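Below: the structure, in structure tokens.
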Amino acid sequence: MAAQIAEMRTVGSPGDLGQVYLAYGFNDPAADCFARAAELDPKDYRWPYLRGAAEQAAGRLDEAADSFSQALKLAPDASAGWVHLGEIRLLQGDLDDAEAALRRALAVPAIAAAAHALLGQTALARHDFKGAAEHLEAALSAVPQANRLHVPLALAYRGLNDRARAEEQMARAGAVGLKAPDPLLDAVANLRVGERVALIRGRVAAQAGRSAEAAREFRKALAARPESVEARVDLGSVLAIDGDRDGAVAQFRDALHLDPSNVTAHFDLGSLLPPAEARLHLEAVVAARPDDAEARRRLAQALRDGGHLPEALEQYGKAVALAPADETARLGEAETLVRLGRY
């Protein structure tokens, strides 16, 4: 039973691990993890996007540009990526591509200020001082606290021979920059504290067979966020593996109270509860995943153990049809036929 519950987990995935590495500044292993995640799921834009962030943080601008470009082909609406790509192209001195990327970002109000700021610096690099001043003024109008922008704005006014404004802007310069809101990278930054990092550490420990350590990490995750369904399901799993059936059942029930449709909690309760209760949970799994041969086999077992032999035989038949090589399902089907007197 515990082994079957453990099989329902995907712990320590490359994408998860890469995000933890990136959150703590380990850019090289983060980039490697995201590359592996992209191999496993090449249609998910997050992995080249996050790899681009790791490569940029490591100073590998060519690789960063390639990764962000790949991510934006997969998800052109990941608008903050255009800002990142524009910034990288600007650092590379590719002003045409920088401007093209940043103008894509201007159409999105949430990131327009950051795009204006970088377009101002792009114009400054072209010695287009008027255009630079216009973009930088627009950025500061939207985000007045971004006082670091007063420096390039002062340079723009100096280029326009407006010494008074240049001196005024330089006097207002500070250390506060401006960056585009980026839900994906903001979520990575949040891994330094709170639920997520403890959750991932727990999954890594569980994968390595260190169930006591995993349970401690999952409890930390719940302390940070008591409504975390993921943490409750994962904690229930390691408690079941350690033989704490009551503790595991309590966690799975709490998870279903928070999310009644959670298939994994239903499946695991179907593995732990007496047949009558297990049947209800396994029926919920089969309704959500009708092609899940394992769930059908477990439902058949619960029906058989509860004395519902015709229904059990029907589910065993469906389990065998879905997984013909499953000897356990075939044996269960045969035993049920014997009990029905049909073998």
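Sequential numbering from 1 along the given sequence is applied to the chain's residues. Owing to the predicted nature of the structure, the values given are computational and were not obtained by experimental measurement.
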Nearest heavy-atom approach of Ala212 to Asp242 is N-OD2, 4.2 Å

Would the number of heavy atoms belonging to other residues, nucleotides or ligands and lying under 6.0 Å from OH of Tyr157 be above 12?
-> yes

Quick one: are Leu185 and Leu22 in side-chain contact, heavy atoms under 4.5 Å?
-> yes

Shortest non-hydrogen contact from Ala71 to Tyr49?
-> CB-N, 3.5 Å

Report the C-alpha separation of Lys318 and Glu314 in whole Å, then their side-chain angles, then the decisive distance to 0.1 Å, and conclude whether the salt bridge (charged side-chain N to carboxylate O under 4.0 Å, His left out) test is met.
-> CA-CA 6 Å; Lys318 291 179 179 179; Glu314 179 185 359; 3.3 Å; yes

Is there side-chain contact between Leu273 and Arg253, with heavy atoms separated by less than 4.5 Å?
-> yes

Any link between Val151 and Leu136 through a network of hydrophobic side chains (Ile, Leu, Val, Met, Phe, Trp, Tyr) touching at under 4.5 Å?
-> no

Joint hydrophobic cluster, Leu199 plus Leu50, side-chain heavy atoms closer than 4.5 Å = no

Provide the closest heavy-atom pair for Ala117 versus Ala139 in the form atom of the first, atom of the second, distance.
-> N-CB, 3.8 Å

Under the 3.5 angstrom rule, does the side chain of Arg126 hit a backbone N or O of Leu95 as a donor-acceptor pair?
-> yes

Taking it one step at a time, do Leu119 and Glu99 satisfy side-chain contact (heavy atoms from CB on, under 4.5 Å)?
-> CA-CA 6 Å; Leu119 280 167; Glu99 184 172 352; 3.8 Å; yes

Nearest atoms (heavy-atom pairs only) where Pro181 meets Ala110 | CD-O, 3.4 Å

Determine, for Arg339 against Glu335, whether the closest basic-nitrogen to carboxylate-oxygen distance falls under 4.0 angstrom.
-> no

Intermediate values then yes/no, side-chain contact (heavy atoms from CB on, under 4.5 Å), Leu155 and Arg158 | CA-CA 5 Å; Leu155 296 175; Arg158 184 178 297 170; 4.0 Å; yes

Would you call Arg216-Glu213 a salt bridge at under 4.0 Å N-O?
-> no

Given salt bridge (charged side-chain N to carboxylate O under 4.0 Å, His left out), test Glu168 with Arg165 step by step and report yes or no.
-> CA-CA 5 Å; Glu168 176 192 356; Arg165 284 192 178 182; 5.7 Å; no

Looking only at heavy atoms, which two atoms of Gly86 and Ala98 are closest? And how far apart?
-> O-CB, 3.5 Å

Arg298 with Asp292: basic N within carboxylate O range, under 4.0 Å | no

Arg51 and Gln70, any side-chain heavy atoms less than 4.5 Å apart | no

Single-linkage hydrophobic cluster Leu61~Leu72, side-chain heavy atoms < 4.5 angstrom | yes

When you check the gap from the basic side-chain N to the acidic O, do Glu39 and Arg36 get nearer than 4.0 Å?
-> yes

Is the backbone of Pro290 close enough, under 3.5 Å, to the side chain of Arg296 for a donor and an acceptor to pair up by distance?
-> yes

Just wondering, do Arg203 and Phe218 contact through their side chains at under 4.5 Å, heavy atoms?
-> yes

Trace of the side-chain contact (heavy atoms from CB on, under 4.5 Å) decision for Leu140 with His150 | CA-CA 8 Å; Leu140 279 164; His150 289 293; 3.6 Å; yes

Cluster question for you: counting only ILVMFWY and a side-chain heavy-atom cut-off of under 4.5 Å, with indirect links fine, are Leu258 and Val249 together?
-> yes

Can you list every pair that meets ring-ring contact (aromatic ring centres under 6.0 Å, His included) and has a residue in residues 85-135, with sequence neighbours left out?
-> His116-His135, His127-Phe129

Aromatic rings His266 and His281: how do their planes relate, parallel, tilted or perpendicular, breaks at 30° and 60°?
-> tilted

So, the side chain of Ser141 versus the backbone of Glu137: is there a donor-acceptor pair under 3.5 Å, distance only?
-> no

Keeping the roles fixed (side chain from Gln19, backbone from Gly15), state whether a donor-acceptor pair exists under 3.5 Å.
-> yes

Can you tell me if Asp44 uses its side chain to pair, donor with acceptor, with the backbone of Arg46 under 3.5 Å?
-> yes

If you take all heavy atoms of Leu282 and Ala295, which pair is closest and at what distance?
-> CD2-O, 4.4 Å

Without swapping roles, check the side chain of Asn147 against the backbone of Ala175 for a donor-acceptor pair under 3.5 Å.
-> yes

Without swapping roles, check the side chain of Arg232 against the backbone of Pro226 for a donor-acceptor pair under 3.5 Å.
-> yes

Indicate yes or no: at least one non-hydrogen side-chain atom of Trp82 is less than 4.5 angstrom from one of Ile111.
-> no

Quick one: do Arg330 and Glu333 make a salt bridge, cutoff under 4.0 Å?
-> no

Side chain to side chain donor-acceptor pair (under 3.5 Å) evaluation trace for Asp62 with Gln92 | CA-CA 8 Å; Asp62 290 345; Gln92 291 176 312; 2.7 Å; yes

Treating Ile, Leu, Val, Met, Phe, Trp and Tyr as nodes and any side-chain heavy-atom pair under 4.5 angstrom as an edge, say whether Ile200 and Tyr24 lie in one connected cluster.
-> yes

Do Ser271 side-chain atoms and Phe267 backbone N/O form a donor-acceptor pair below 3.5 Å?
-> yes

Decide yes or no for Asp182 and His84: does some side-chain heavy atom of the first lie under 4.5 Å from some side-chain heavy atom of the second?
-> yes

Leu102/Leu90 under side-chain contact (heavy atoms from CB on, under 4.5 Å): CA gap, chis, key distance, verdict | CA-CA 10 Å; Leu102 293 167; Leu90 176 60; 5.7 Å; no

